Amino acid sequence: MSKSYEFVPEPPLVQGNHTFGSITALIGDIPERETPKGWYIAFGVANLLLLLLVALLSYLVWEGLGVWGLNNPAGWGWAIINFVWWVGIGHAGTLISAILFLFRQHWRTAINRFAEAMTIFAVMCAGLFPAFHVGRIWVIYWVFPVPNQMGMWPNFSSPLLWDVFAVSTYFTVSLLFWYVGLIPDLATLRDRVKSKTSRFFYGMFALGWTGSNRHWLNYEKAYMILAGLATPLVLSVHTIVSFDMSVSNVPGWHSTIFPPYFVAGAIYSGFAMVVSLMIISRKIYGLEDIMTVDIMEKMNIIMMVTGNMVAFSYLMEGFMSWYSGYIYERGIFWLYVVGPYAWGFWILMFCNVINPQFMWFKKVRRSVTLTFLVATFANIGMWYERFMIIVASLATDFMPSSWAYYSPTWVDYLTYVGTFGLFFTFFLLFLRFLPMVAISEVKAGLPQADPHYYEEDDQLEGSNGAGSIVIQPNESV
Amino acid sequence: MSKTNENPTYWKSLNQLANNEEYKKFLEREFPENASELKDGMSRKNFLRIMGASIALAGFAACRRPVEKILPYKTRPEEVVPGNPLYYATAMPYRGSLTGLVVETHEGRPTKIEGNTEHPASMGNTNTQMQGAILGLYDPDRAHGITSDGQKKSWDDFLSFAKQNFTSDKKVAFLCEANSSLTLNRLKKDALKKFKNAEWVTYEPFGEQNALEGNNQAFGKKLRTYNHFDKAKVIVSLDADFLQQGSENVTNIGNYTRGRALESTKDSMNRLYAVESNYSLTGSNADHRLRIKNSEVELFTYALAASLADKIGGLEAFKGYNNHFSNHSWVSVLTEDLLNNKGESIVAAGNDQNPAVHAAVAAINMALENKDKTVSYYDVPTFETGNDTQRFYELTRDLKAGKYDALVMIGTNPVFTAPSDLDFSSALKATKTTVLLSQYHDETARQTQWHVNRAHFLEQWGDGTSYTGVKSVIQPMIQPLYGGKSEIEYLYAIINGTSGDGHKLVRETWKSYLSSTNFENQWEKILHDGILPNTEFDTPRVSLSSSFATYMNQAFAQAKKPGDNEIELVIKPDNKIIDGRYGNIGWLQELPDPVTKITWDNVALMSLKTAATFGVKNEDVVSITSGGKTVKLAAWVLPGHADNSITIWAGYGRKGIGRIADDDFGIYVDNKYKTLPFEVHKFESKNVFPFVTTDNPLYHTSVTVKKTGEYYSIASTQDHSSMEGRPLARQGTLDTYREDPHFAPEMEEVAGIEKKSYRKFPDALYTPQEGYDYLPQWGMSIDLNSCIGCGTCTIACQAENNIPVVGKEQVKRGREMHWVRTDRYFIGNDAGDPEIIHQPVPCMQCELAPCEEVCPVAATTHSRTGLNQMTYNRCIGTRYCANNCPYKVRRFNFFNFSKEFLSSGDDPEVIQMAMNPDVTVRFRGVMEKCTYCVQRLNRAQIDRQLETKNQSFKPVDGSVQTACQQACPANAINFGDISDPNSKVVKVKHNERNYIMLDVLNTRPRTSYLAKIRNPNPKMS
Amino acid sequence: MSQIFPKWANRVPKRLTIGSIVLLNAIIFGVWYFFSPRYLDVGYQPIQPIPYSHAIHAGKLGIDCRYCHTSVEKSPHANIPPTQTCMNCHSQINSKKPKQIAKIRDHWKSGEPIKWIRVNKLPEYVNFNHSAHINAGVGCVTCHGRIDKMQVVHQVEPLNMAWCINCHKNPAPHLRPVSQVTNMNWKAPNGNPEAYGKKIMAARNIHAPTYCDGCHY
Amino acid sequence: METKENKQLHGILAEFQNPATLLHAAEAVNNAGYNKFDTFSPFPIHGIEKAMGLKKSKLGWIVLGFGLVGLIGAVWLMVWVMSSAMPLSISGKPLIDPPIYVPIAFELTVLLSSFGAVFGMLFLNGLPKPYNPLFNSENFNKASDDGFFLYIESEDALFSEYKTTELLKDAEAVNLEKIYD
């Protein structure tokens, strides 16, 4: 008696009738193709903002931190908010690459490359702030364990120091991970581009990659290990960032839920940013076939899940502040809700609690515009979350006598805007000169990449492997 | 330190110094060591500033070594050991009487002022103005020389001028500040002898003239009232802010707190009733406070007197009198409480109240048999006869009428302070010759012919008497920085047309007080101790004068109940700058007002209800009109202020005095960055003296107030005044204390500890590192029951630790640098009429300090003496420590505050001289905080090592004091070695009221508090 | 395609790696050596307004340090002697350098202080207390070197924090009897300063602070 | 402009239709006993390492080494600094306080490991190698696009121009090319 199972395959990762060659052409030609006008305009704006950033930071260093809106209870302000926000965004990239790689989620190939790029640039923006928010940046090297004539060393029990190590490690590893991924594609470009200079540079960075399978063997191993290392690293980084708060005793900071809560938040905002960037670049460079709506939907689902994790931690915070019976904790939560910064709290509630719920609807998940909207709100919301945690908690802590309202100065505003200049300057350069999709991985993802694809020709002729396979029970699989 | 206080080095040697060339050089600031430190200190900071721009240079810091000169003495005065400070006794003339001081000098420049323990008016304590005097001395804005009609003149010019113009045939008027100087008094007699029909008038805008006149009416003799608050059981203050105002407030604070000190549950304490319109510092310490209009205080007094008259004799004048207070619950309760404490009670009236009120109060105290028990009436020989106020009015009118050839003014500023309808300027115009001696080229100086710049009391020889009459000598610590002259040299010159040496003049005077046989020895003893003991004024036996009844009856007739909806305006002397005389002292301007916590400004204080009626909130500008005069001021809601009454502090809104006193935002105005969202209106003037008129001296009964719709930003250091139900500043009533002595520590529940006794903490996860037992373990205790919240500790700390003034804008941003702040909380359910509790908060020196573990570069760590040390030169300024400090006592240099503070003004180097050479001047971008004055501790520790040949590292208990402790007029702060079970501080910490703020965090602070105890009258509730 | 890089290019990467490693080490060493106070400050020898020779006064004539630097035992500062101190002798004694003596006398007459140039200097934020060290038995020579052999005084020790801390962590080898502090050529008996110092520490109850506000406040 | 004359033969490059044929070819060549040969493809081909008879990569061991250096180095540094080089009382915490070592120890381990992974990989692959005889072949460009190649070096013991060519022909090579160096 025979039973037969129907196997409904995933929708193909790459849509349209693509061969290896066409994939190469699709992405590999971008540096060769002449650049869209939009790119130049965007790049110009980004550069202006970058200049603004440089100017403001010089002004800051010359005049002193007083030019920011910091005051006595609120010793940290926008600088640290922006830092945490950017680092959070910087999470998606390596996370998508690493975790999804380990979980064999092949749809990652469409987005991992520029997600990683985004990570690197975001972390660069983030890194600026902790450096410039110190009072005497000219001695900031004291945070590194460098032997010196004072015989002094850093204090390894400070979460801030852990942060220094975490963020710099994260940046370095992300950079390596990204570059390793780039090597074969750089080789591809090296072999395509015409001009001598670009051949020289691509050639130099391709390190003479030939596509030898002896090399692929070590390469894949290395990539796998890096992914394995990066995954805990990603989680550790925001955990340690959250230690900056949770290890101290400030009400609203001193809470064990922070690490998971921060990581969830980071993934939430990170994916939001990736989605937005993906939506933009697929439009500009016509990569709809690779960055498909299915992939967008998958990411939206992750956003929804992490968003709800964040919402849950808000709930827990409220509950614990009541349940602990710790009047200072209770006080601060009450102040979030009705205190001087309540407006921030409610913005946050909308963006991080209501907003992700829209993703329950398939229509929203699959609609490009709506997704873009939701993602943007998610990013705004995550900024406000950090604002509430850092400023609101500090400004109204144990000592009512010292409570004071923190108000940023124009320098704060413009510095934040300036960081976008830094981010997009690099990001646009990346889009322009580097393969924004992992060419070799996409190819490897194609059905014809599998040697077995060429057996049983008769059955699979021309169907890109997207047909359904009937498996007989008596067959052993 | 105080070890040296007990035997400060003899003056003689420094006296020889004064006449030697080298010492003069000295004053051109050529110090052996410290000057170079300071100069170089600045250059280093400049260097750092540049570093900000080019970090690359950092490595070469050492190569660019500035060549540094060392200038030794020619011949060093024996007692000067470079690097070791010297202490000299002197005295400060403060609002008409002297307070004994001991001044710390470093290589000839005074750097810190302390109270003189020998001196009864000080008893080792000081007040804010005395602490601030150091900055007053080094004020670059003081007048730099003698001027005549805008021309710079020399002292000789003045002498020759005096010779021609002050001939004996001239009709001369003398207008003098309240001044107790004996020599001045001696010269005054000469003056009156020389100039026939000359007039000598004493004028003080906020002086004791009303009190004197009152006593004059009551007893027929001008007598000075002195209240022994330590002896009283019941104190009734009728608008008397005796803890803050008046020249004897240091003594009062000491006595008052001594009368409330509680060592154990058995002790008893006095009870203070306050009746006032403004919420004064005294009111904030009262056990019961009645807020009524200022104009009603008079009526209340009479009602009280009347109700007493029914029970006891001596108040017949009040029999039958009654007004709307007569059946007020307060009157009956007070009557009863006062009668129960006959001879142990004090009724005190405020200096600004009518003479009649003082007369009535005098009668009440007589009737209650308080005289010579709790109240003394002193006969002060230096007083002129007659009513000072009236005499001043007449003098001015005569001057305007041109009846005088010359007007000689000593230390007053009538153009600024005199009643506006007198129009003193025209009096000056009408007089041919006018001369003025004053420290600043002030409003009056600009209208007088000759202005002689006055020497600061630290620069001059002088003498005088304390409030109670104890004689002291003022000896100079430093040669006049700007060649100023003392009042005696000035007066001598006017009389004789020749220059008289202050030193000789004073000795001359004192010949009559000391026996001629061994004058020199006594003289030296006086200079050494700072006082001539047992020389109080005598207290004549007095009785109510026959005319008293009639006088009171006139008073009854005049005293009317103000209309309920009438708005009254009360002008009060400022708590910090009095009538503006201390206006250019940055420390005082930036000191938060003890009750409102406002800095840098005066405001229109009003109650919640009144503010509501005008529809204004804090910082809304109101225009106040009375008698044709209008002043625009920011409104400020002060809970507990009387309704329909507005209080304004005088002394603000000055012009052309100096960069601090003038109508702007302190030293951060021009050269500094301003934040956009925070915008400020500037006004013509915040001066309220125009309201003062001859018939309404200090309050107006009906004024009109309008909301202008403008907004004027006020820099207050405390935005939030509720404790939010958190047990921070803890208090209880005497009864609760007696029932449950441990009520205070039990107010916060800490897991694992039932009865919290001294140094009993919940366990930590690990065994904490302890201090070394061969070292002292420093600890502090602050008694909230003694603390009255005056803020002297803040200024003392600022003076000791080189803390910069940051200016109004920065304070507004919450960046004030005070290492010890005084928190003021409103308590009680009635938002309109709350209680106040004050709580000084320095660094708690936690043993498990949250700030330390979070510093990435180990800039703040723990010393083995238990201090939470702050290493400025290691700090990179992450401000993480400040975030993690639950007590919020850390301060950050957001700008290069010290540099701005030290290098601003015409003569920057001068302010640098005020800096304490033992303390690093902090530069931009570093954190700073209280370290228990570690420079003093280390010095004491090393001195002890030297004494004991290294056998002991622990200074003897009491031989080292922190600046705040030493200055505190209430003796609320105890400090010492807690590893020594017999030290005072340990004894205090064993008191049941001892508690630790935020002990739930188990930070194990070395500083603990004693809970405040109030002594309410059960009948009141 | 044709080759982008010539054959020799394959040798570049290895050489680059080795080269950069060498360079890096060179830089580290350079900074470590040339930026250190031991290189920058030691040997600082300014020309003094009057070529006063410690070699003659302290060395040849054997005048005790404290004759001029009187406050060293009782004050944080070791004072520079007042002109008077010079005059104590040089009002009578003429030396081989009459011109210089004349200078001093001029200063004495005019009262104009002699502008000596400072040699051993700590930053402002360090509070070094001479009396404490003298009292503990740290010899002058320990920090100032053989002053008695210096014609013109120069700095002999780096005076950087690590150098201070080094001694504070283990003072023993640098201790001597208080009576011997000014003795320039004192040697520990039994030639073992470590052991001898340990005895002194025990006997004189010597503890050197190694926490920050021992010096910084 | 190089000519075959002044160059000597370096090996034979064969192109194949698709991954499958390359796989089989590799198998054939390997079975024939060649070992100085290599296959090239724009992406790693599943199972080819078996076909080519390659051993497992040794990269793992290198990474482990680096990782241990990071871990031990970090912990040693922190213990030494906090307890011996700079023994300060910080918040009264003990001088040796393991919990605080965790984050930095972890981070440095990861950092060093990933250095190991990347540089180890490059080392094992003998990269960077900008010059490669294969680049002389115009056709070889496809190796990074959609070409599948097998290359047998002339150094190989079994190499003989004729036999090798035959072998490759049998393995369905679509295109053969001599590579000169």
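Note on naming: letters A, B, ... go to the chains in the order of the sequence lines (proteins, then strands), and numbering restarts at 1 for each one. Predicted, not measured: the structure shown is a model, and the values here were computed from it.
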Assess the residue pair B/Glu928 and B/Arg890 against the criterion (salt bridge (Lys or Arg N to Asp or Glu O under 4.0 Å)); give the C-alpha distance rounded to whole Å, side-chain angles, the decisive distance to 0.1 Å, and a yes or no. CA-CA 6 Å; B/Glu928 59 185 68; B/Arg890 289 177 159 265; over 6 Å; no
Could you tell me which portion of B/Tyr772 (side chain, backbone, both or neither) has an atom closer than 4.5 angstrom to a non-hydrogen atom of chain C? neither
Shorter than 4.5 Å, heavy atoms on both sides: which option in B/Ala858, B/Ser863, B/Ser952 has the most such pairs with chain C? B/Ser863
Greatest number of heavy atom pairs closer than 4.5 Å to chain B - which of C/Asn135, C/Asn127, C/Val31: C/Asn135
Yes or no on ring-ring contact (aromatic ring centres under 6.0 Å, His included) for B/Phe975 and B/Tyr932, after CA distance, side-chain angles and deciding distance? CA-CA 9 Å; B/Phe975 173 83; B/Tyr932 279 168; 5.0 Å; yes
Tightest non-hydrogen contact, residues C/Pro193 and C/Ala188, listed as CA-CB, 3.7 Å
When you look at NZ of B/Lys949, are more than 12 heavy atoms from neighbouring residues, nucleotides or ligands closer to it than 6.0 Å? no
For B/Leu775, is it the side chain, the backbone, both, or neither that has a heavy atom closer than 4.5 Å to a heavy atom of chain C? side chain
Most heavy-atom pairs under 4.5 angstrom with chain B, which of C/Cys86, C/Cys215, C/Pro209, C/Ser131? C/Ser131
Most heavy-atom pairs under 4.5 angstrom with chain B, which of C/Asn205, C/Val126, C/Ile206? C/Asn205
Does any heavy atom of chain B fall under 4.5 Å from the side chain of C/Ile134, the backbone, both, or neither of them? neither
Out of B/Ile942, B/Asn950, B/Asn938, which one racks up the most heavy-atom pairs below 4.5 Å with chain C? B/Asn950
Side chain from CB out, backbone as N, CA, C, O: work out which of these in C/Asn129 comes under 4.5 Å of a heavy atom of chain B, or both, or neither. side chain
Do B/Asn916 and B/Thr111 pair up side chain to side chain, a donor and an acceptor below 3.5 Å, judged on atom types alone? no
Counting only non-hydrogen atoms closer than 4.5 Å, does B/Leu946 touch chain C with its backbone (N, CA, C, O), its side chain (CB onward), both, or neither? both
Taking the six-membered ring for Trp, is the centroid-to-centroid distance between C/His154 and C/Tyr44 below 6.0 Å? no
I would like to know whether B/Glu800 and B/Arg936 meet salt bridge (Lys or Arg N to Asp or Glu O under 4.0 Å); could you show each step before the answer? CA-CA 10 Å; B/Glu800 171 72 18; B/Arg936 292 184 173 200; 3.0 Å; yes
